[in-house]
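Written below as structure tokens is the structure these notes are about.
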Amino acid sequence: MDTGGGLSWTQCEGCKIPPEGRCYPQKEDYFPNSKSKSYILVEPKLTYQRQYGDGSYSHGFYSKETFTFHSTSSSSPPLKFSNIIFGCGIKNHLRSSKAFLIAGVMGMGDDKESFVYQIKNQIGGRFSYCFVRNDVENPLPMYLRFGTNIKPPQSPKTLKFQKAVFPVYNVNMVDIGVNGEQLHLSKAQMFAPDSKVKGLIIDSGSEFSHLYEKAYDAIVSKMDKYFLERKGEFTKENLGNGRSCYSRINGKKYNNIPGVTFYFEGGVQLDIIPEGTFQRNIDPRRKEIFCLMFFRSGLNLNILGAFQQVNHKFIYNINDMTLQFGREDCAKNG
């Protein structure tokens, strides 16, 4: 489910046919479009290509199909949307370690080809999600909600999306903070001079957050200072991979671990919880190692990825171009 992408696509049976076809392994069967009575190939020469920042890609044909959603209530009939444009993937590659579970990408971006734009009249232009922390054991399923099925979070905050050169959900970022303390960054520190998007892109399809190098360096510098002031408890780790990691004797989980805050126009702020700022691992010497899960952006863009969105409910409204969000325990969002 990708708020940074437009066209939805899935692997079609043609990916098994050489020499053009290429599939990656998936849990379900590849979509048998030749057996579907409602499948329509838009035009044989009309192809799509989708490339992703991690090297993943999907190439195939623009197609139409009926999308069916089953109800959790046995008394309610399935909901059907006919003639939804999607990509029938013939040549596909996914680099994710979870690729086996992924049959394609559901495009939910600010793009006329996206699934949410195609059904916006039926859902009032609204969709919502709430990501569970990745350290929660055996979490309940996470739900993508539409229209009247969405309940607002407690103490919701609202931002207006800013128009950008690319069709992305972009919000007007004015500063970044660490452990509740603003860094007072200038625009030159937050945005590359040649960047076509001056803001923060909300992207569920990006696993982690990426920041312009000067903003990233400012966060790392502040983190180093924070942990150095607690030298009796923490040690800086050099794992040889360029990551900013810190360790201490095991046992305290996320206590005393700082978070990151994004500040927006109008005094609105988004507090990234420690569990969404650092990944915690236990090494064989029974040490806790915390690695910062923000990265330098190779695209000179500021992107808020899925890892940093945990334990917040996000509500997108593509009719009035607003983002509403608030803190929530997403593991209880049944």
Side-chain angles (χ1 to χ4, degrees), residues 1-10 65-82 84-86 98 101-134 136 138-161 167-171 201-207 268 270 272-273 275-276 304-334:
M1 192 274 291
D2 183 10
T3 61
L7 186 71
S8 299
W9 60 264
T10 190
E65 183 54 282
T66 297
F67 280 42
T68 302
F69 295 86
H70 293 278
S71 173
T72 52
S73 164
S74 58
S75 60
S76 299
L79 196 59
K80 293 176 183 282
F81 299 101
S82 58
I84 296 292
I85 294 171
F86 78 107
K98 302 181 181 74
L101 300 172
I102 298 172
V105 169
M106 192 172 192
M108 302 291 289
D110 178 23
D111 188 309
K112 298 297 184 285
E113 291 180 344
S114 78
F115 178 72
V116 68
Y117 260 88
Q118 293 185 68
I119 67 164
K120 71 175 186 175
N121 291 337
Q122 293 97 317
I123 62 169
R126 300 171 74 238
F127 71 96
S128 172
Y129 58 79
C130 196
F131 291 151
V132 177
R133 287 165 29 191
N134 79 334
V136 173
N138 303 315
L140 292 168
M142 288 177 275
Y143 288 93
L144 180 58
R145 299 181 185 277
F146 296 94
T148 56
N149 191 233
I150 300 170
K151 293 176 185 171
Q154 290 186 340
S155 307
K157 299 167 184 174
T158 303
L159 291 170
K160 196 88 176 161
F161 288 122
V168 291
Y169 296 116
N170 176 49
V171 288
I201 297 169
I202 315 296
D203 183 6
S204 68
S206 178
E207 192 171 1
V268 175
L270 172 63
I272 309 299
I273 61 175
E275 293 88 344
L304 185 74
F307 189 90
Q308 279 69 38
Q309 296 180 35
V310 295
N311 270 23
H312 282 86
K313 179 182 279 187
F314 288 88
I315 302 171
Y316 296 70
N317 188 324
I318 63 171
N319 284 346
D320 62 13
M321 292 305 288
T322 56
L323 176 70
Q324 194 178 57
F325 64 89
R327 182 75 66 86
E328 194 148 310
D329 184 352
C330 298
K332 295 177 181 175
N333 182 33

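Nothing here was measured: the structure is a model prediction, and the numbers come from that model. In what follows, every heavy atom counts, from backbone to side chain, and hydrogens, waters and symmetry copies are set aside. The first residue in the sequence is number 1, and the count goes up from there.
- In this structure a side-chain-to-backbone donor-acceptor pair under 3.5 Å is missing from S114 to G6.
- Counting only distance, with no hydrogens or angles, the side chain of T322 and the backbone of L159 share no donor-acceptor pair below 3.5 Å.
- Note that NZ of K160 and CG of N317 are 8.5 Å apart. Values are rounded to the nearest 0.5 Å.
- Remark: side-chain polar atoms of T3 are paired, donor with acceptor, to backbone N or O of I202 under 3.5 angstrom.
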* To do: Could you walk me through whether Q308 and L270 pass the side-chain contact (heavy atoms from CB on, under 4.5 Å) test, one step at a time?
  => CA-CA 10 Å; Q308 279 69 38; L270 172 63; over 6 Å; no
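- Annotation: side chain of Q324 is in contact with side chain of P152 (closest heavy-atom distance under 4.5 Å).
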* Verdict with supporting geometry, K157 and L323, side-chain contact (heavy atoms from CB on, under 4.5 Å) -> CA-CA 8 Å; K157 299 167 184 174; L323 176 70; over 6 Å; no
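- Not a single donor-acceptor pair under 3.5 Å links the side chain of K313 to the backbone N or O of Q154.
- Distance check: M1 CE to M108 CE gives 6.5 Å after rounding to the nearest 0.5 Å.
- Nearest heavy atoms, T68 versus P78: CG2-CB, 3.7 Å.
- N149 is linked by a side-chain hydrogen bond (donor to acceptor under 3.5 Å, both in side chains) to R145, counting only residues two or more places apart in sequence or in another chain.
- Under the side chain to side chain contact (heavy atoms under 4.5 Å, CB included) criterion, P139 pairs with V132, V136, not counting sequence neighbours.
- Rounded to the nearest 0.5 Å, atoms CD1 (I150) and OH (Y316) are 11.5 Å apart.
- Every residue meeting the salt bridge (charged side-chain N to carboxylate O under 4.0 Å, His left out) condition with R133, not counting sequence neighbours, appears here in chain and number order: D135, E275.
- No side-chain donor-acceptor contact under 3.5 Å links S8 to the backbone of F86.
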* Stepwise, does the side-chain contact (heavy atoms from CB on, under 4.5 Å) test hold for F131 with S204? -> CA-CA 9 Å; F131 291 151; S204 68; 3.9 Å; yes
Could you give the side-chain donor-acceptor pairs of residues 115-128 under 3.5 Å, partners two or more places apart or in another chain?
residue : atom : partner : partner atom : Å
Y117    : OH   : D110    : OD1          : 2.8
Q118    : OE1  : I85     : N            : 2.8
Q118    : NE2  : I85     : O            : 3.1
Q118    : NE2  : E113    : O            : 3.0
R126    : NH1  : G147    : O            : 2.9
S128    : OG   : F314    : O            : 3.0

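- Contact check for D203 versus L304: no side-chain heavy atoms found under the 4.5 Å cut-off.
- Every residue two or more places apart in sequence or in another chain that forms a side-chain hydrogen bond (donor to acceptor under 3.5 Å, both in side chains) with S75 is listed here: S73.
- More than 12 heavy atoms of other residues, nucleotides or ligands lie within 6.0 Å of CD in E328, so this atom counts as buried by the packing criterion.
- The distance from atom OG of S76 to atom NE2 of H70, rounded to the nearest 0.5 Å, is 13.0 Å.
- A distance of 9.5 Å separates CD1 in I315 from SG in C130, rounded to the nearest 0.5 Å.
- Checked by atom type, the side-chain pair Q309/Y129 shows a donor-acceptor distance below 3.5 Å.
- When all heavy atoms are compared, the tightest approach of P156 to P153 is CD-O, 3.3 Å.
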* To do: Any chance you could lay out the side-chain contact (heavy atoms from CB on, under 4.5 Å) test for F161 and N170, step after step, and finish with the verdict?
  => CA-CA 5 Å; F161 288 122; N170 176 49; 5.8 Å; no
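- Remark: Y169 engages no residue in a side-chain hydrogen bond (donor to acceptor under 3.5 Å, both in side chains) (not counting sequence neighbours).
- With a 4.5 Å cut-off on side-chain heavy atoms, F307 and I272 do not count as touching.
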